[in-house]
Each structure stands twice: as structure tokens, then as C-alpha cells.
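As C-alpha cells, the structure follows; a few thoughts come after it.
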Amino acid sequence: MEQQQKKESKQSEKPQYIRAYAAMVLSRTLDKKIVSAQRQGRVGFYTPTMGQEALQVGVSMALEKEDLVYGYYRDVPMMLHRGVPIETIINQIMGNSADTAKGRQMPSHYTSKAFHFMSVQSPVASNLPLAAGAAYALKYRKKKNVVITTFGDGATSTPDFHAGMNLAAVFKLPVVFVCENNGWAISLPVERQTMVEISQKASAYGMPGIKADGMNFIEMYKAARTAIQDARAGKGPTLIDALSYRMGPHSTSDDPSKYRKDEVTEGSEKDPLVIGEKLLTSMDFADDKLLEKIRNEAIKTVDEKFDACEKIPPPDPLTAFQDVYKNMTWMLEEEVKNIL
Amino acid sequence: MTSKTMNMVQALNSALDNLMASDDRVILLGEDIGTDGGVFRVTEGLLAKYGPERVLDTPLVEVGIVGMAIGMAVQGLRPIPEIQFQDFIYTAMDQIINQMAKIRFRSGGEYDCPMVLRTPYGAGVKGGLYHSQSGESYFAHTAGLTVVTPSNPYDAKGLLVSSSQGDDPVIFLEPKRLYRALKQEVPEDIYKIPIGKAEVVQSGDDLTIITYGSMVPTVMETVKKNQINAEVLDLRTLVPVDRDAIMHSVQKTGRVVIVHEAPRTGGFGGEISAMITERGIDFLYAPILRVTGPDSPVPYRMEEYYVPNEKRILNAVNKVMESA
């Protein structure tokens with residue numbers, strides 16, 4: 001009887017696990033597509049997310065629709081899992097006229113207000129104090145939502161990390177700090193970034209610090225769920241040290257062979273997608289046929305959408321000068337007249 | 001509308017009170033602004049009236065105060081953070097320049113950042129080099145920011161209300177030397193003074209003196225005492241500056257002196273001067289002169305040698321008037 005119940009509850013988890021895996025595969029497929037397009041000169045720049053899929057999808061699984069994400073430039077898997085249309089991501093990479101940010105930001109700096117994904121900035125960790133402020137707004141309005149903020153291991157050395165963590169703790173705000181600890185800040189290994197484990201930093205701020213296996217989406221989901229439940233219940237912030245690995249270069253402009261030997265390669269046992277496949281098959285949620293189908297669908301979707309987005313024309317040059325203020329200043333109007 | 005005699009501190013306090021009473025999105029945050037009422041007492045009594053959810057005594061972290069306020073603004077509140085002294089704002093400059101000023105632009109207009117960053121600036125209270133700086137040019141140089149500085153209690157209140165009820169982030173520079181220097185009749189109810197409009201403090205024909213913030217009373221005293229027939233413009237807003245008011249006056253007088261307390265090199269006076277020559281060099285009878293703080297830090301004991309005074313303003317006026 002008990003066994004039967006266990007099996008049933010497990011079966012009820014199947015659709016969300018399959019969906020999580022599908023988002024990881026879609027993200028990986030898109031990642032490779034963009035990198036190869038960049039090599040062909042069809043895309044200017046990109047920061048690959050390979051290796052961080054399980055981590056982000058695990059966090060996303062624990063979020064509700066109205067929760068806010070103050071993320072960073074490697075959060076494509078999370079965005080896709082949250083339901084952000086793949087076109088939104090590709091259009092941003094292209095900087096075309098359909099891009100939410102009108103082609104103003106370099107690739108990998110996404111915005112999607114519709115999915116509560118705050119626009120990405122380049123200076124690392126500077127979204128962390130904002131996440132505290134956004135969480136304050138939620139708390140002030142007595143909303144039961146939380147803010148997730150993501151950042152790399154390098155970000156933990158910045159003043160903004162300290163400011164955001166301390167403020168969130170002092171005001172007991174519903175924020176979950178997710179360190180996407182991929183081991184590398186461009187060329188600097190995490191061992192040279194800090195002399196303690198990142199999760200230990202939480203204790204200095206009086207909040208729980210959790211170490212999570214960011215390569216296993218189910219483990220990550222469980223860790224994130226605990227932290228998010230606490231935040232939602234008014235217990236304050238948590239820091240999650242999500243251990244993963246940046247399988248690609250920092251960006252398409254980076255050559256990691258200068259400073260490291262790749263420790264996780266695609267298709268190897270440590271690849272979060274391979275780990276995900278094993279989890280699904282061991283739970284009898286998927287067989288090779290289903291996995292194959294998911295992979296093929298992802299390739300088809302990515303190819304179709306990428307080609308379609310590539311045909312979208314660039315933005316009207318005037319848009320390069322709008323939205324600086326709500327109404328254009330006379331100074332800018334004058335300059336624009338000279339430029340256009 | 002009933003009015004009351006107020007100094008600038010009281011007028012700013014009255015503006016904050018009105019803003020908080022009329023809009024529950026207005027939140028104050030900063031160091032010592034709650035229980036202590038702010039080191040200059042601008043937020044006095046507001047914690048008791050509006051409670052700790054709306055008046056936040058924060059930890060000592062400028063980058064966090066500004067960053068947190070930005071997050072609040074992005075999520076629909078109207079925060080008014082205070083940086084205790086403008087001299088301490090620099091650790092928050094990344095937040096100001098790369099976040100606050102750019103959120104509307106970088107998100108394609110999906111997000112905005114309506115907030116007012118208040119901070120006392122300028123010399124005149126014997127604060128030495130870390131309690132006296134005038135950094136307006138740093139902010140004026142950043143697209144996306146509106147830069148406002150009042151010179152009297154009445155304007156201070158009306159400009160603060162407009163700043164908070166606008167759609168864009170504002171750097172609101174309060175000349176601390178004038179906090180208690182002058183009293184005026186100030187309405188107790190809410191009112192606005194438009195952003196981007198200069199004020200003709202005095203009409204005149206012989207020359208135009210363009211100034212703002214802490215230097216306005218010094219200029220006016222000099223002009224009155226020496227019976228100078230000058231048109232005195234108080235810019236009130238530096239960005240966007242009131243082009244029409246400036247050009248209208250320059251066309252009338254043909255002679256210009258610009259007075260500000262900030263150092264000369266890269267100072268806002270250079271921008272005004274360039275603007276005038278670019279569009280109206282034919283109106284000018286004399287070179288435009290600047291009277292500014294020197295290109296040195298503000299000294300403690302010798303402060304009076306740093307801040308532009310009657311003698312230096314008068315020298316510039318005489319020089320401009322001597323030119324054919």
C-alpha cells in the first residue's frame with residue numbers, strides 16, 4: 001500500500017521532470033547553435049551556458065510564476081524553463097528589431113518583464129542590492145513572492161555581493177542568493193577567488209548557506225525548494241552555493257586552453273545532461289526513445305526559430321537614442337538630428 | 001494655501017511629508033534618517049509619523065542604499081534614498097551610472113527607475129575635503145540622470161516634489177551651506193516647480209550671471225551691494241538645462257559670467273560656456289568668464305579662500321564689462 005502510494009506520487013512528478021530535462025536539452029542545443037553561428041560571423045558575441053543547465057532548471061522548478069528573477073548573463077536555461085519564448089533569447093542575441101531591448105545591449109543581456117526576468121547588466125553582482133530592494137517591495141506590498149538572484153563565483157568578491165547579502169539579511173527579505181559556482185571567473189579559479197567555501201560566507205551575514213549539487217537537477221531542485229519555501233514563509237534569505245562547471249569558454253572571445261584543462265566534457269559522466277538522462281531512466285520516467293525524441297525536437301525548434309529570427313531586420317536607428325529618459329531631452333533631440 | 005516661514009531643511013522635510021502622505025509608494029532609506037532624523041534633520045519626525053516600513057535606517061553602505069532603492073523603484077515603489085554627504089557617494093557610482101541611469105534604456109523601456117537620490121553637497125560648513133565636495137559634473141555627464149539643485153527653501157520643496165513625481169531618476173543636490181541660511185514663506189501643501197526651468201532671480205541689462213545652488217545668494221549679495229545691473233539666472237536644473245532661458249538672457253546682455261563652487265576643469269560652467277558660444281557667439285561682446293572653485297580639494301581652515309566670494313565675482317564682472 002505504502003509502496004503503491006510512493007509509486008503514484010513519483011509518477012505525478014514525471015511531467016515536471018520531463019519538462020525540466022527538455023528545457024536543459026533545448027538550452028544546450030541553442031547554446032551550440034549560437035556558438036557555431038558566432039564562429040560563422042552570424043552572431044557578434046555570446047556567453048555559453050553549457051554545464052549550468054541542471055543548476056538553473058532546478059532553481060526554476062521551485063519558482064512560482066510571479067516570483068522575480070534578478071539574473072545574470074548565463075541564465076538561458078532558467079529563462080527557457082520559466083517559459084520565456086526562445087525567440088526572445090535569439091532576438092536579443094541578434095539585436096534585431098524584435099529584441100525587447102531594441103538591440104541596445106550586447107548579446108547575453110536579456111530582458112523579459114513578461115516573465116519577471118530583470119534586464120541583465122554586465123558589472124557582476126550589481127543586481128544583488130537591487131534584488132534586496134525588489135524583495136523589499138514585495139514584502140512591503142505583502143505579496144507572497146520571492147526574488148531569486150543569480151551570479152557567478154567571481155561575484156562573491158565584489159562590494160555589491162556584500163551589500164546585497166547584508167541588506168537582505170538585516171531586513172529579513174525574501175531573497176534567495178544562488179551562486180552559480182562554475183569554478184571559474186574567466187581565468188581565475190574559485191580557489192584563488194576566496195579562501196573559504198562560498199556557502200560559508202552566509203554565516204557572516206546571519207543566513208543559512210547551503211551547498212548544492214548543481215549538476216543534478218533534482219538535487220538542485222530540492223535545495224532551491226527549501227530555500228524558496230523559507231523565503232516565502234518570511235524566514236529571510238538563503239545563500240545557495242550551487243556547484244557546477246563552466247563547460248564552455250567564458251565567452252566566444254575567450255580561449256580557456258590558456259588557463260585550464262577542461263574537466264567536464266560534453267557527453268561525459270559529469271555532464272549535467274547525461275546525469276539528467278540517467279536520473280530519468282532510473283526512475284522509469286523516460287527511455288532512450290523519449291530522450292531521442294526530446295533531442296530531435298530541440299534541434300528542430302532551434303534551427304527553425306534561429307533561421308526565422310535571423311531574417312528579422314535590425315532596429316530603426318532612432319531607437320538607439322530613445323528610452324534614455326521617458327521623454328527625449330532637447331540636448332539629445334539636437335544631437336539625433338545631426339546623426340540621422 | 002497656508003504657508004509657514006521655513007528654512008531649507010524644514011521645506012525639504014515638508015516636501016517629504018507631503019509626498020509620503022499622498023503616495024504610499026514613497027519610501028525613505030539611508031543612514032541615520034529614522035530615529036536620528038538625519039544628520040541635518042531633513043527627515044526629522046517622519047519615522048514617528050510613517051513607521052519603520054517607510055523610513056528605513058539602513059546599514060552603512062552607500063552602494064547598498066542606492067542599489068536597494070533602484071530595486072524598489074524597478075518594482076513600482078518611489079524611493080527617496082539619502083546619501084549622508086555627497087562626498088560618500090562614490091562607492092555607489094557603479095549603481096548610479098550603470099544601473100539607475102540605464103535601466104529604462106537597457107530594458108527597451110520595459111522597466112523604469114523613478115527615484116530621487118538626495119544628498120547634501122558643497123562647502124561652507126567647515127567640513128574639509130570629505131564633507132564639502134561639489135560633484136554635480138560627475139552626474140551631469142551621465143545620460144539618463146536628471147540633475148537638480150535648489151538655492152532656497154521655496155524652490156527646494158517644489159523641485160523635490162517634481163523630482164519624486166517624475167518618471168526618471170533624479171540626483172537631488174542640496175547645498176548644505178544654505179540649509180539654515182535663509183528663511184522664506186513656504187506653502188504647507190504640496191506644490192511643484194518644473195524640472196528644466198531656470199529662474200530669473202533678478203532682471204538686468206548689462207550682463208548675465210549664470211549660477212545655481214549654493215552660489216546664488218553669494219551672487220545676489222554681490223550684485224545688490226555693488227549695484228550691478230546684472231540679469232541673474234538660477235539654473236535650478238542642470239540636466240536638462242534651460243537652454244531658452246540662458247540664450248534669451250545672453251541675447252539681451254551680450255556678456256556672461258558663470259559662477260559655481262565646483263572645480264573649474266570639467267565643471268558644469270564649461271558646458272554652459274560652450275553651449276552659449278555654439279549657438280550665440282554673435283551676441284557676445286566679451287569672452288565668457290567663469291568664477292569657480294579651484295582645481296584643488298576643499299581645505300578645512302582655509303575654506304573661505306576656496307569658495308567663490310564677492311571679490312572674485314566682482315573681478316570677473318568688471319573684466320567682462322571692460323571688454324568692448
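Chain A is the first sequence line, chain B the second, and so forth, proteins listed ahead of strands; every chain is numbered from 1.
A salt bridge links A:Arg141 and B:Asp24; the closest N-O separation between the charged side-chain nitrogens and carboxylate oxygens is under 4.0 Å.
For B:Ala143, the parts lying under 4.5 angstrom from a heavy atom of chain A are both the backbone and the side chain. Only the side chain of A:Leu173 comes within contact range of chain B, with at least one heavy atom under 4.5 Å from a heavy atom of that chain. Using a 4.5 Å cut-off between heavy atoms, A:Phe161 does not touch chain B at all. In this structure, the portion of A:Glu334 lying under 4.5 Å from any heavy atom of chain B is its side chain and not its backbone. Contact of A:Gln121 with chain B is made through backbone and side chain together, with heavy-atom distances under 4.5 Å. Of the two parts of A:Ala320, only the backbone, made up of N, CA, C and O, holds a non-hydrogen atom closer than 4.5 Å to a non-hydrogen atom of chain B. For a residue to count as touching a neighbouring chain, one of its non-hydrogen atoms must lie under 4.5 Å from one of that chain's; by this rule A:Ser112 touches chain B with the backbone only. A:Thr329 touches chain B through its side chain: at least one heavy atom from C-beta onward sits under 4.5 Å away, while N, CA, C and O do not. Interface remark: A:Tyr70 contributes side-chain atoms only to the contact with chain B (heavy atom separation under 4.5 Å). With a 4.5 angstrom heavy-atom cutoff, B:Pro52 touches chain A only via backbone atoms. With a 4.5 Å cut-off on non-hydrogen atoms, B:Asp57 touches chain A through its backbone but not through its side chain.
In terms of heavy-atom pairs under 4.5 angstrom with chain B, the leader among A:Thr319, A:Asn327, A:Leu138, A:Val120 is A:Val120. Comparing B:Gly71, B:Gly166, B:Ala73 by how many heavy-atom pairs each has under 4.5 Å with chain A, the most go to B:Gly71. Of the residues considered (B:Leu77, B:Ile65, B:Leu56), B:Leu56 shows the highest number of contacts with chain A, using heavy-atom pairs under 4.5 Å. For the set B:Leu29, B:Val239, B:Thr91, B:Val74, the count of heavy-atom pairs under 4.5 angstrom toward chain A peaks at B:Val74. Counting heavy-atom pairs closer than 4.5 Å to chain A, the top residue among B:Thr58, B:Ile27, B:Asp112 is B:Ile27. Looking only at heavy-atom pairs under 4.5 Å with chain A, the residue among B:Gly196, B:Pro240, B:Ser107 that has the most is B:Ser107.
Atom OH of B:Tyr130 has 12 or fewer heavy atoms from other residues, nucleotides or ligands within 6.0 Å. No more than 12 heavy atoms of other residues, nucleotides or ligands lie within 6.0 Å of OH in B:Tyr138, so this atom counts as exposed by the packing criterion. Within 6.0 Å of NZ in B:Lys197 there are 12 or fewer heavy atoms belonging to other residues, nucleotides or ligands. Atom NZ of A:Lys305 sits in a sparse spot, with 12 or fewer heavy atoms from other residues, nucleotides or ligands closer than 6.0 Å. Taking a 6.0 Å sphere around CD1 of B:Ile281, one finds it holds 12 or fewer heavy atoms contributed by other residues, nucleotides or ligands.
Shortest non-hydrogen contact noted between A:Val324 and B:Phe105 is CG2-CD1, 3.9 Å. Closest approach of B:Gly109 to A:Asp323, counting heavy atoms only: N-OD2, 3.7 Å. Residue A:Ala163 comes nearest to B:Gly64 through the heavy atom pair CB-CA, 3.8 Å, listed as atom of the first residue, atom of the second, then distance. Closest heavy-atom contact between A:Leu167 and B:Pro59: CD2-CD, 3.6 Å. What you find for B:Gln75 and A:Ala137 is that their closest heavy atoms are CB-CB, 3.6 Å. Considering all non-hydrogen atoms of both residues, B:Arg104 and A:Arg104 come closest at O-NH1, 4.3 Å.
In this structure a side-chain-to-backbone donor-acceptor pair under 3.5 Å is present from A:Tyr136 to B:Glu53. One N or O on the side chain of A:Tyr325 and one on the backbone of B:Leu145 form a donor-acceptor pair closer than 3.5 Å. Judged by distance alone, the side chain of A:Trp330 and the main-chain N or O of B:Val241 form a donor-acceptor pair under 3.5 Å. Of the possible polar contacts, none joining the A:Asp160 side chain to the B:Val63 backbone as a donor-acceptor pair under 3.5 Å is found.
Residue A:Tyr140 holds its OH atom at 9.5 Å from CE of B:Met72, rounded to the nearest 0.5 Å. The structure places CD of B:Gln95 at 8.0 Å from CG of A:Asn127, a figure rounded to the nearest 0.5 Å.
Residues A:Ser126 and B:Gln99 have side chains that bring a donor and an acceptor to within less than 3.5 angstrom of each other.
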